[in-house]
Amino acid sequence: MSVAIKVRFAPSPTGFLHIGGVRTALFNWLFAKNHGGKFVLRIEDTDLSRSTEESIEEILESMRWLGLDWDEGPFRQTERQEIYSKKVEQLLSAGKAYHCYCTPEELDRKRSEAQKAGNKPKYDGTCRERSDSPEGAPSVVRFKAPIEGTVVVEDLLRGKVIFDIAELDDLILQRTDGTPTYNFVVVVDDSEMDITHVIRGDDHLSNTPRQCLLYDALDYPRPKFTHISMILGQDKSRLSKRHGATSALVYRDMGYLPDAMINYLARLGWSHGDQEIFSREELIKYFSFDSVHTSAAVFDADKLSWLNEHYIKSTPPEELVPHLEPHLIKTGVLEKDHGLSLQEIARVIPCLNERAKTLVEMAEKSAFFFKKEVEFDEKARSKFLTEEARPLLEKMIAGFSTLDDFSAESIESLFKKIVEEEGMKLGKLAQPVRVALTGTTVSPGIYDVILLLGKEETLKRLQNVV
RNA sequence: GUCCCCAUCGUCUAGCCUGGCCCAGGACACCGGCCUUUCACGCCGGCGACGCGGGUUCGAAUCCCGCUGGGGACGCCA
């Protein structure tokens, strides 16, 4: 029996939840679920000046929207200050950390000088062996790192990654204001929370040797590390707003389904043979780092869109309604207090779900069904609701009026009959009817529209235009 | 600049670990056709890749080295 697996997703609340972050969260979540382990959510808010409550809310909302539920947390590092202070003390008294009185300005200067000279811009160790403590001078606490040797990071995906300790420097553990910094808290928290696997973005790989040294200094066992590749934009640079939407919630607002987003992101770097479509259950069942590969992936909005279309088509109408409704309201198709039941809204979905790439599109296209008054497209009206069309529409009205059995079959045969009598193509009749009923030349199949509207409403709309 | 990671169609990827089944398979996009009451859906077909150079080997997309290219890190950010 193996030790229970425990992973975490640890975003910093300095903005919206980025889709790159979502994928990291997803891989953690899948790994945990696959192993029957635990998934912890931890908010890394040690940077007081950049962290915001709104951002935390947005992150939580994004996670909930995506269905990435967590077993523990959300923990907030600002609430764990005591633990960090204790650990800093521990290192200080063990001689594994020291106070540094260098000012940010001095450090900046040295950094840019080193950079200019072509050297690695690392701390020069000015205060490392300092024994005095200037009265009242602000200080940070630095880690007294080993100065030579190598650190071997064992990465689940990349194997052994070897770093020369000489490349590293004495990182700051605690700021002047007493708050801890990232590389330190991440080690303390991951240890204190018994995280067994640290799964995070590639961009953290070069932080890992420093963290390993901290694990050692604190006498913590190292967790297993897994660095997944990053997501790139079209031009292969780091994915950013320049490339389009990167916020999870923006995709929700654009009418994407969480299932589509999850499926898409899961396939970025991970695969299971040639399979493209995965239910959550399948994702959980099949997910393994054995089939995750390490090269960066370009975000492809077209493929996401294809998956979204797929899920719009295949999600049962009544399950789709909760996702669609907000868009119906936002696009003004329905009033906020429309009073319609889930079933009533769901009625329109079957004839629209093969014609909408997003829920926003679906909402817009369903206006003909939900709006009391037909809104006419002028071009459509002048092209199809002509004098020649009038007798056809009148015939249609007469036909419908006497139709007792209002079904797809009877509607179709009525159309066929008129077309035959008039000796014309179906399109000649269908288009005017379509415009009369929906106001536009583009709509679901005309029989579907009529069926959906019902006999009474159909007659009303036809009468309205003759 | 230094260090680290990465490298199969335009894009996501299978294959690579355990060389031959691969003159490289699937998907998205694109192009053409079919279906058709509009718009879509769907179906059929097409285009299209092992970055380059050296090895190793009877044989390399698969193993090794170099180069090139891309990405990341080098903060009192995370």
Side-chain angles (χ1 to χ4, degrees), chain A residues 10-14 44-47 49-51 100 102-104 107-108 111 114-122 138-142 153 155 157-158 161-164 166-169 171-177 179-183 185-186 200-209 227 229-230 232 234-238 264 267-277 290-291 293-307 309 313 352-357 365 380 384 412 415 419 425-431 433-435 438 440-447:
Chain A
S12 66
T14 53
E44 310 240 318
D45 58 350
T46 59
D47 185 346
S49 59
R50 297 203 308 156
S51 300
C100 169
C102 297
T103 64
L107 295 170
D108 275 348
R111 226 187 324 269
Q115 202 122 27
K116 226 180 288 168
N119 296 321
K120 185 141 184 139
K122 46 181 267 191
S139 71
V140 298
V141 175
R142 278 187 192 272
V153 175
D155 188 281
L157 288 176
R158 297 158 208 271
V161 183
I162 301 164
F163 293 85
D164 189 340
E167 291 294 326
L168 278 22
D169 64 358
L171 78 222
I172 292 173
L173 307 177
Q174 192 178 71
R175 302 183 181 93
T176 313
D177 67 2
T179 57
T181 59
Y182 168 71
N183 280 111
V185 274
V186 80
R200 72 221 320 189
D202 210 353
D203 48 337
H204 288 283
L205 183 54
S206 41
N207 284 324
T208 310
H227 290 92
S229 64
M230 313 203 62
L232 272 26
Q234 253 63 39
D235 60 357
K236 306 248 183 179
S237 69
R238 194 176 188 147
Y264 176 70
R267 280 286 286 103
L268 230 44
W270 172 80
S271 61
H272 181 70
D274 286 335
Q275 191 172 341
E276 296 286 351
I277 307 290
D290 291 342
S291 33
H293 77 175
T294 44
S295 53
V298 173
F299 182 80
D300 181 8
D302 283 334
K303 190 152 184 186
L304 206 211
S305 178
W306 171 72
L307 280 161
E309 290 170 54
K313 274 182 285 201
L352 248 25
N353 64 179
E354 291 192 343
R355 293 160 215 271
K357 289 183 190 301
K365 289 183 171 175
F384 291 103
E412 183 173 351
F415 270 80
V419 163
K425 296 262 250 174
L426 184 51
K428 284 282 179 199
L429 175 62
Q431 280 307 76
V433 173
R434 189 187 313 281
V435 175
T438 69
T440 73
T441 55
V442 176
S443 84
I446 194 65
Y447 308 141

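In the text below, chain A, chain B and the rest are named by the order of the sequence lines, each starting its count at 1.
Closest approach to the A/Ser12 side chain among B/rG75, B/rC28, B/rA78 is made by B/rA78 (side chain taken as heavy atoms from C-beta onward). The side chain of A/Thr294 lies closest to B/rA7, out of B/rA7, B/rU2, B/rC76. Nearest to the side-chain atoms of A/Pro121 among the listed nucleotides B/rC28, B/rC76, B/rG1 stands B/rG1.
Projected onto RNA chain B by closest heavy-atom contact, A/Thr441 and A/Pro180 fall at different nucleotides, the more 5' of which corresponds to A/Thr441.
Separation of the C1' atoms belonging to B/rU38 and B/rA24 is 43 Å when rounded to the nearest angstrom. Using atom P as the reference point in both B/rC30 and B/rU37, the two lie 25 Å apart (nearest Å). Across B/rG1 and B/rC67, the matching P atoms stand 14 Å from one another, rounded to whole Å. Straight-line distance between the C1' atoms of B/rA7 and B/rG53: roughly 15 Å, to the nearest whole Å.
Across every strand in view, B/rC21 sits unpaired, with no contact that passes the Watson-Crick or G-U test at under 3.5 angstrom. If you check B/rC76 for Watson-Crick or wobble pairing at under 3.5 angstrom, you find it has no partner at all. Both distances falling under 3.5 Å, in either a Watson-Crick or a G-U wobble arrangement, occur for no nucleotide opposite B/rU37. Pair check for B/rA7 finds B/rU68; Watson-Crick or G-U wobble, both atom distances under 3.5 Å.
One interatomic measurement links the two molecules: CG of A/Asp202 to C1' of B/rC6, which rounds to 8 Å at whole-angstrom precision. Atom-to-atom, CG of A/Leu173 to C1' of B/rC76 comes out at 11 Å; the value is rounded to the nearest Å.
For A/Glu276, the salt bridge (Lys or Arg N to Asp or Glu O under 4.0 Å) partners two or more places apart in sequence, or in a different chain, are A/Arg267, A/Lys303.
More than 12 heavy atoms of other residues, nucleotides or ligands sit less than 6.0 Å from atom NZ of A/Lys122.
Here A/Val140 lies in heavy-atom contact (under 4.0 Å) with a base. Residue-level contact check: A/Asp164 touches neither bases nor backbone, having no heavy atom under 4.0 Å from any strand. Backbone-only contact: A/Leu205 has heavy atoms under 4.0 Å from sugar-phosphate atoms and none from a base.
A heavy-atom distance below 4.5 Å is not found between the side chains of A/Thr294 and A/Ser229.
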Revision key, fill the gap. Whether each nucleotide of nucleotides 8-17 of chain B has a protein heavy atom under 4.0 Å at its base (B), only at its sugar-phosphate (S) or at neither (-) is summarised, 5' to 3', as ---SBSS---
